[in-house]
Amino acid sequence: MKRKDLSIDNGLPSPQKYLMKEKILRLFYMVFFLSISCNSVYAQDIDQEKQGIQEVAIRPLKNGEKVPDNFWTKKHLFYLNGDTVRKSLEEYKGTLLIIDFWATWCGACRVNFPKLEGLKQKFGNEVSFILVNPTVYKNNFDQISKAYEEFKNSGGASLESVIFDEYFIDLFPHIGIPRYIWINKKGRFIASTGNLFVDEVTIKKVLDGKY
């Protein structure tokens with residue numbers, strides 16, 4: 001009868017092999033969790049960097065300040081002729097630009113649209129009007145589309161509107177609508193006014209450089 005080899009211990013690994021395997025596993029877990037931690041920190045740094053860039057880009061403007069460089073090149077969603085188009089404001093650069101914040105539920109906003117159309121026709125390429133309907137006003141596409149159908153009879157259907165916007169309201173924060181933002185031909189934010197100042201006399205003075 002042959003004597004059993006006691007070093008095998010019924011097929012189980014020796015203590016030396018077990019300890020080596022345990023060390024390898026510990027090293028693996030250490031590398032694994034270190035990798036996750038680094039990726040998490042990296043992701044946070046990227047998010048903070050993006051947030052920082054965004055905060056600089058949408059810092060509210062003060063009176064007399066020039067609009068940011070990307071103001072003219074950044075693309076927005078416009079409602080135009082019953083459909084939407086994404087475009088920038090480059091075509092309005094070099095004109096007196098008047099931005100009109102509005103909502104479908106704002107009767108005081110809508111009643112001014114025929115006057116804006118009249119001023120647009122009178123001053124031609126010297127003055128541009130853009131309506132802006134921010135996301136915070138909670139209008140959906142159907143409501144905006146229905147309003148524009150009504151504008152065909154009441155006036156204002158030719159006025160383009162940026163819709164579902166967050167950029168302009170962050171750049172020009174205000175309380176109450178209608179609110180008109182004036183940007184002169186040189187790209188400077190010169191005024192935030194109510195409806196009474198949006199008239200032929202005031203526009204002529206701005207164009208003549210008196211304001």
Side-chain angles (χ1 to χ4, degrees), residues 54 57-61 63 67-68 70-93 95-184 187 189-203 206:
Q54 186 179 21
I58 60 174
R59 178 182 63 81
L61 284 187
N63 231 346
V67 297
N70 69 340
F71 179 85
W72 305 107
T73 57
K74 181 179 173 63
K75 291 189 176 182
H76 308 275
L77 187 65
F78 279 79
Y79 184 91
L80 183 63
N81 298 324
D83 203 352
T84 57
V85 60
R86 191 168 291 278
K87 64 174 185 173
S88 70
L89 304 183
E90 287 185 293
E91 63 187 280
Y92 308 109
K93 192 173 183 179
T95 69
L96 169 60
L97 176 61
I98 301 177
I99 297 174
D100 177 7
F101 287 94
W102 76 289
T104 62
W105 40 261
C106 175
C109 302
R110 297 171 60 160
V111 75
N112 294 324
F113 293 166
K115 181 177 75 170
L116 299 186
E117 277 191 324
L119 292 170
K120 178 182 175 182
Q121 293 175 358
K122 181 172 185 60
F123 288 97
N125 295 331
E126 287 188 286
V127 182
S128 301
F129 294 93
I130 295 178
L131 308 183
V132 173
N133 187 298
T135 304
V136 70
Y137 294 167
K138 299 185 183 304
N139 284 151
N140 59 40
F141 182 83
D142 289 338
Q143 291 170 330
I144 294 170
S145 182
K146 181 181 178 181
Y148 264 86
E149 283 297 316
E150 295 170 356
F151 295 163
K152 291 179 180 178
N153 296 322
S154 62
S158 68
L159 301 172
E160 297 181 313
S161 179
V162 175
I163 61 175
F164 310 139
D165 168 72
E166 294 177 354
Y167 176 77
F168 289 108
I169 200 167
D170 287 335
L171 198 61
F172 308 106
H174 55 273
I175 298 175
I177 51 176
R179 175 56 45 178
Y180 301 87
I181 304 300
W182 297 63
I183 300 171
N184 68 15
F189 167 43
I190 59 172
S192 173
T193 73
N195 174 55
L196 294 178
F197 292 91
V198 185
D199 57 21
E200 184 176 340
V201 174
T202 306
I203 289 176
V206 172

message = Give me the atom names and distance for the closest heavy-atom approach of Pro68 to Tyr167.
response = CG-OH, 4.1 Å
ask   = Is there a donor-acceptor pair closer than 3.5 Å between any side-chain N or O of Thr202 and the backbone N or O of Asp199?
value = no
request  = Under the side-chain contact (heavy atoms from CB on, under 4.5 Å) rule, what do Val136 and Glu166 come out as? Steps first, then yes or no, please.
outcome  = CA-CA 8 Å; Val136 70; Glu166 294 177 354; over 6 Å; no
key: Within-4.5 Å side-chain heavy-atom neighbours: Tyr137 and Phe164   = no
query = Are side-chain heavy atoms of Phe129 and Leu96 found at a separation under 4.5 Å?
reply = no
task = Apply side chain to side chain contact (heavy atoms under 4.5 Å, CB included) to Asn184 and list each qualifying residue two or more places apart in sequence or on a separate chain.
result = Lys186, Arg188, Ile190
message = Please identify which of these residues, Leu171, Val132, Val162, Leu131, meets the side chain to side chain contact (heavy atoms under 4.5 Å, CB included) condition with Ile99.
response = Val132
note = Heavy-atom closest pair (Thr104 atom, Ala147 atom, distance to 0.1 Å) is CG2-CB, 4.0 Å
ask   = Between Phe189 and Leu97, is any pair of side-chain heavy atoms under 4.5 Å apart?
value = no
request  = Check whether any side-chain heavy atom of Ile183 sits under 4.5 Å from a side-chain heavy atom of Phe172, and report yes or no.
outcome  = yes
ask   = Can you check side-chain hydrogen bond (donor to acceptor under 3.5 Å, both in side chains) on Trp182 and Ser192, steps first, answer last?
value = CA-CA 6 Å; Trp182 297 63; Ser192 173; over 6 Å; no
remark   = Sequence neighbours excluded, the answer for side chain to side chain contact (heavy atoms under 4.5 Å, CB included) partners of Glu91 is Lys87
message = Tell me which pairs pass side-chain hydrogen bond (donor to acceptor under 3.5 Å, both in side chains) where either residue lies in residues 72-86, with sequence neighbours left out.
response = Tyr79-Ser145
Greater than 12 external heavy atoms within 6.0 Å of Phe151's CZ = yes
query = Taking only residues two or more places apart in sequence or in another chain, which ones pass salt bridge (charged side-chain N to carboxylate O under 4.0 Å, His left out) with Arg179?
reply = none
inquiry  = How long is the straight-line distance from CD1 of Ile163 back to CD1 of Ile144, given to the nearest 0.5 Å?
reply    = 4.5 Å
Interatomic distance, Trp102 atom CH2 to Cys109 atom SG [nearest 0.5 angstrom] = 8.5 Å
request  = Evaluate the side-chain proximity of Leu61 to Val67: yes if any heavy-atom separation is below 4.5 Å, no if none is.
outcome  = yes
ask   = In Å, rounded to the nearest 0.5 Å, how long is the span from OH of Tyr180 to OG1 of Thr193?
value = 8.0 Å
Hey, can you pull the donor-acceptor pairs under 3.5 Å for the side chains in residues 113-125, sequence neighbours left out?
unit_1	atom_1	unit_2	atom_2	d
Lys115	NZ	Asn195	O	3.3
Lys115	NZ	Asn195	OD1	2.8
Lys115	NZ	Val198	O	2.9
Glu117	OE1	Gly156	N	2.9
Glu117	OE2	Gly156	N	3.3
Glu117	OE2	Ala157	N	3.4
Glu117	OE2	Ser158	N	3.1
Glu117	OE2	Ser158	OG	2.6
Lys120	NZ	Ser158	O	3.3
Lys122	NZ	Glu200	OE2	3.4

query = Side-chain contact, heavy-atom cut-off 4.5 Å: Ile98 with Ile181?
reply = no
ask   = Hey, are the side chains of Val206 and Ile203 touching, using non-hydrogen atoms and a 4.5 Å cut-off?
value = no
ask   = Would a 4.5 Å heavy-atom cut-off, applied to side chains only, mark Ile130 and Ser161 as touching?
value = no
key: side chain to side chain contact (heavy atoms under 4.5 Å, CB included) involving Leu80 - partner list, sequence neighbours excluded   = Val85, Glu160
key: Donor-acceptor contact below 3.5 Å, side chain Asn112 vs main chain Ala108   = yes
